[in-house]
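Along the sequence shown, residues are numbered consecutively beginning with 1.
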Amino acid sequence: MSRDELPDPTQVEGAPHPRQTLHLYGQEKAEADFLSAFTSHRLHHAWMMTGPRGVGKATLAWRLARFLLSQPLDDGGGLFGTPEPPRSLDCDPDHPVCRRIMAGAEPRLFHLKRGPNDKETALSEDIRVVEVRKLTSFLHLSAADGGRRVVIVDAADELATAGANALLKLLEEPPPLVTFLLVTHQPARLLPTIRSRCRELRLAALAPEDLAQALADAGAETEDTLALSALAGGSVGEAIRLINLDGLDAYRALVGLMPGLPRIDRQKAWALAEGMTGRGNEARFDLMLGLMDLFLARLARAGLTGAPQPEAAPGEAALLTRLCPDGAAAQKWAGLHQDLGARARHGKAVNLDPATLVMDMVLAINAAP
């Protein structure tokens with residue numbers, strides 16, 4: 001498999017690439033903070049986009065790249081005075097910069113991401129130093145062209161140790177007119193010295209209405225936006241994964257087993273578990289483990305703050321309230337949540353049969369009341 005045939009590690013399957021997404025929903029504060037820094041001539045050389053997965057961090061990074069590379073350099077006004085400062089980060093889709101970025105052909109932009117492994121048979125598990133060295137070469141070679149340059153690192157918490165140290169050197173002595181945009185899902189995994197050299201733009205989980213608009217733009221519309229938002233945690237990427245894998249139906253089937261606790265329908269439970277087995281069902285198996293974890297978390301919270309809204313399945317609120325009516329019950333369910341999370345991780349680590357693992361977890365929930 002050649003490098004060109006490898007999947008893009010920065011693109012959610014079934015969704016457009018972030019560079020092709022022109023609109024960003026629900027992140028007005030982060031956009032306003034960056035625009036304010038730019039228009040007041042306080043543009044920092046490195047920015048770190050943080051927040052949950054799938055809420056638009058990479059989309060914002062590409063949006064900032066288009067904006068920066070399409071803006072003229074401040075020349076003191078020249079013959080025609082100082083131009084009016086921009087009021088938004090929007091870039092005309094017909095602007096040459098926008099068109100080149102859409103085509104992946106902008107010479108003043110470098111996208112640092114995971115590359116192939118040594119045998120080029122699959123993606124590397126991290127961003128290796130060899131990829132950062134390509135960035136160093138890009139910065140040296142493109143310096144003669146003048147003008148702004150932008151580096152997008154996605155995701156920065158995937159940097160290998162040597163790669164992180166190499167990037168740190170660039171951040172410590174940044175080349176002129178270069179802006180680094182670091183996408184990170186887990187900032188704590190970054191070197192403290194990298195974090196200290198970046199200004200943070202914190203992105204929040206999307207409200208249901210913003211999630212619906214983002215899904216429509218991605219061509220993944222659904223009539224169950226509220227339920228999908230409850231399961232996806234305001235993440236577009238997670239919502240698209242749920243849509244692609246029929247996650248709503250899987251969660252409803254899981255919840256549908258629970259009204260009979262502690263006497264669940266074992267035949268239905270086994271049918272649900274068997275649906276996770278076989279080649280090609282690995283993603284569905286991972287999804288089911290995540291949904292079981294989410295169900296237990298929502299169940300435990302019900303005893304402390306009431307049943308979470310909106311419902312992610314019909315009758316879910318009444319079920320959670322019945323099973324977890326108070327703080328004592330919440331503590332019990334929270335303990336099971338932790339235990340089954342560890343059991344799922346161990347089961348995957350030793351390649352336990354998916355159906356057996358799922359059924360074992362369902363039976364543990366059944367025995368809890």
Side-chain angles (χ1 to χ4, degrees), residues 2-4 6-12 17-21 34 43-51 53 56-69 97 100-118 120 122-143 145 147-187 189-201 203 237:
S2 69
R3 170 186 283 264
D4 293 339
L6 293 174
D8 190 324
T10 65
Q11 182 175 6
V12 174
H17 192 279
R19 73 167 180 268
Q20 299 171 317
T21 305
F34 185 89
L43 184 65
H44 197 61
H45 74 281
W47 296 77
M48 184 171 62
M49 270 60 69
T50 67
R53 283 183 179 272
K57 298 187 298 296
T59 297
L60 176 60
W62 286 93
R63 185 164 166 78
L64 297 181
R66 283 192 297 268
F67 171 80
L68 288 170
L69 295 177
V97 165
R100 288 196 297 267
I101 287 180
M102 282 285 194
E106 173 51 59
R108 292 183 294 145
L109 185 148
F110 189 93
H111 188 196
L112 179 59
K113 58 185 178 179
R114 284 188 289 137
N117 59 17
D118 290 331
E120 298 200 348
L123 286 170
S124 173
E125 294 184 356
D126 47 30
I127 301 175
R128 301 184 301 167
V129 68
V130 64
E131 304 297 335
V132 185
R133 287 174 182 153
K134 294 175 186 176
L135 165 60
T136 304
S137 298
F138 160 80
L139 292 174
H140 287 314
L141 291 173
S142 63
D145 297 337
R148 288 192 181 89
R149 290 166 294 166
V150 172
V151 176
I152 295 175
V153 185
D154 188 4
D157 34 281
E158 294 176 342
L159 283 160
T161 301
N165 287 324
L167 179 64
L168 176 60
K169 291 181 181 179
L170 296 173
L171 294 176
E172 289 175 333
E173 299 179 6
L177 298 177
V178 173
T179 302
F180 293 87
L181 304 173
L182 280 64
V183 175
T184 174
H185 314 299
Q186 297 176 287
R189 294 185 61 182
L190 295 180
L191 293 175
T193 43
I194 287 181
R195 295 200 305 269
S196 68
R197 283 160 175 78
C198 298
R199 278 193 59 180
E200 183 178 10
L201 293 173
L203 279 68

Seminar exercise, completed: Residues at least two apart in sequence or cross-chain that pass salt bridge (charged side-chain N to carboxylate O under 4.0 Å, His left out) with R63, listed by chain then number, are E31, D90
Problem set entry | Residues that H44 engages under side chain to side chain contact (heavy atoms under 4.5 Å, CB included), provided they are two or more places apart | A46, W47, R199
Problem set entry | Residue pair L64 / M49, side-chain heavy-atom distance below 4.5 Å | yes
Seminar exercise, completed: Correct closest heavy-atom pair for A61 and L181 would be O-CD1, 3.3 Å
Exercise. Does any pair with a residue in residues 153-165 pass side-chain hydrogen bond (donor to acceptor under 3.5 Å, both in side chains), and if so which ones, sequence neighbours excluded?
Worked result: R114-E158, D157-T184
Seminar exercise, completed: Applying side-chain hydrogen bond (donor to acceptor under 3.5 Å, both in side chains) to E200 and not counting sequence neighbours gives T50
Seminar exercise, completed: Sorted by chain and number, sequence neighbours left out, side-chain hydrogen bond (donor to acceptor under 3.5 Å, both in side chains) with R189 holds for Q186
Exercise. Mind checking whether F110 and F138 have parallel, tilted or perpendicular rings, split at 30° and 60°?
Worked result: tilted
Seminar exercise, completed: By salt bridge (charged side-chain N to carboxylate O under 4.0 Å, His left out), R100 pairs with (sequence neighbours left out) E106
Problem set entry | side chain to side chain contact (heavy atoms under 4.5 Å, CB included) against A160, all qualifying residues, sequence neighbours excluded | D126
For this session: Quick one: list whatever passes side chain to side chain contact (heavy atoms under 4.5 Å, CB included) with V12, sequence neighbours left out.
Result: A15, I240
Problem set entry | Check: H17 main-chain N/O paired with Q20 side-chain donor or acceptor under 3.5 Å | yes
Exercise. Considering residues at least two apart in sequence or located in another chain, which fulfil the salt bridge (charged side-chain N to carboxylate O under 4.0 Å, His left out) criterion with R195?
Worked result: none
For this session: Just jot down the side-chain hydrogen bond (donor to acceptor under 3.5 Å, both in side chains) partners of H111, sequence neighbours excluded, or say none.
Result: none
Problem set entry | Pairing residues for E172 by the salt bridge (charged side-chain N to carboxylate O under 4.0 Å, His left out) criterion, not counting sequence neighbours | R197
